[in-house]
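A short worksheet on the structure shown next.
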Protein chains: 2
Amino acid sequence: MTKRATWQREAVRDALSTSEGFVSAQSLYGALRESGSPIGLATVYRALSDLAVGGDADSLQQEGESLYRACTPGSHHHHLICRNCGLTVEIEADAVEAWAASVAADHGFTQPSHVVDVFGLCAACQRLG
Amino acid sequence: MTKRATWQREAVRDALSTSEGFVSAQSLYGALRESGSPIGLATVYRALSDLAVGGDADSLQQEGESLYRACTPGSHHHHLICRNCGLTVEIEADAVEAWAASVAADHGFTQPSHVVDVFGLCAACQRLG
DNA sequence: CCTGCTATTGATAATCATTCTCAGCACGTG
DNA sequence: CACGTGCTGAGAATGATTATCAATAGCAGG
């Protein structure tokens, strides 16, 4: 029942943390394969899922696929994402947290959680545009 | 090139507006079929997509599928959604709009857009829990 | 260091939502 | 009422994700 340490899990963790922004499971698999790793697709999905559950990665859904990104564990934060190159900045949003909680309470909702992501064009991509 | 009015499109629009919260294309198709309509699945997808583009419906992605809901046209707003029964409340959030815009600007991002949704358990579902 | 138990892996099949294809049909104008 | 063109729908195609299951490899105990 205990978790075992395998090079596959480490490979996925490393690949994630060296990525600039959010990455899809498919492209992460492709990158690992290109770098010579014989890892399997199913294993990449499992590892990413474990990381997300364990709080070591954030995920979001875009255009029907799940994107993942390594994140600072244990802290609640949101993201500012370049819609062109995927560059991601972690942002704090205490005001939004409070707002979400109070809106939920006002309408009789409990156990509030929220999805807050901001998209835009980063400085670099503006110059290219 | 002009849009034509068909009973299929009206059926989808009606089914959407009589739904309590967000509904998936699949379940909307199922509901229409059960109510005796011989509408096709592809048509439901097309109609929902058109409604979303035209601003007559909002959409969000959850667990790998797209959910749709009729909404007040022309106004920008967000949603408070019961994660159990799907009941949805439209909420205004001028403060959040402003916050999102300033956060983007602070990091050199332009053309900001954002995704803001709050999930919780509605009063009715709490009593059932 | 060797052994056994069992979690993990990975090739592939299966699933599921969504989109595409294309021939036949129906809306709306003249 | 006739015609042109957009619309429809059954089923195939696509693409991401998950399940299957036999073979493999951590890790603890001897």
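Just so it is clear, the values below take in all heavy atoms, side chains as well, and ignore hydrogens, waters and symmetry mates. Residue numbers begin at 1 in each chain, while the letters A, B, ... track the order of the sequences.
- Dashed line: the shortest gap from a side-chain N or O of A:Gln8 to OP1 or OP2 of C:dG10 is under 4.0 Å.
- Taking atom CG of residue B:Leu48 and atom C1' of nucleotide C:dA17, one finds them 13 Å apart after rounding to whole Å.
- The shortest side-chain heavy-atom distance between A:His79 and A:Phe119 does not fall under the 4.5 Å cut-off.
- Looking at heavy-atom distances under 4.0 Å, B:Leu41 makes contact with a base.
- The nearest whole Å value for the distance from the CZ atom in B:Arg9 to the C1' atom in C:dC27 is 11 Å.
- For the OP1/OP2 pair of C:dT19 and a distance below 4.0 Å, the side-chain nitrogens and oxygens of B:Tyr45 include no atom meeting the criterion.
- DNA chain C is contacted by both B:Gly64 and A:Trp7; A:Trp7 maps to the nucleotide lying nearer its 5′ end (nearest heavy atom per residue).
- Of the candidates B:Ile39, B:Leu32, B:Val44, B:Gln8 forms a side chain to side chain contact (heavy atoms under 4.5 Å, CB included) with just one, namely B:Ile39.
- Within a 6.0 Å radius of CD in A:Glu20, no more than 12 heavy atoms belonging to other residues, nucleotides or ligands are found.
- As rounded to whole Å, 14 Å separates atom P of D:dT17 from atom CD of B:Glu65.
- Summarising the geometry, the separation between CZ on B:Arg33 and C1' on D:dG9 is reported as 9 Å, rounded to the nearest angstrom.
- With rounding to whole Å, A:Leu67 atom CG is found 11 Å from D:dA16 atom P.
- Atom-to-atom, CD1 of A:Ile39 to P of D:dT24 comes out at 18 Å; the value is rounded to the nearest Å.
- Evaluation of atom-type donor-acceptor distances gives no pair under 3.5 Å for the side chain of B:Arg46 against the base of D:dG6.
- Across all strands shown, B:Gln26 has heavy atoms under 4.0 Å from base atoms, whether or not it also approaches the sugar-phosphate.
- Aromatic ring orientation, A:His78 versus A:His114: tilted (interplanar angle from 30° to 60°).
- Contact annotation: A:Thr6 side-chain N/O to C:dT9 OP1/OP2 distance is under 4.0 Å.
- Protein atom CD of A:Gln62 is 14 Å distant from nucleotide atom P of D:dA16, rounded to whole Å.
- At least one side-chain heavy atom of B:Cys125 sits less than 4.5 Å from a side-chain heavy atom of B:Cys85.
- A sub-4.0 Å separation between OP1 or OP2 of C:dA17 and a side-chain N or O of B:Ser66 is absent.
- Phosphate contact (OP1/OP2 of D:dG9, side-chain N/O of B:Thr43, threshold under 4.0 Å): present.
- Taking 4.0 angstrom as the limit, B:Arg4 places none of its side-chain polar atoms (N or O) nearer than this to OP1 or OP2 of C:dA26.
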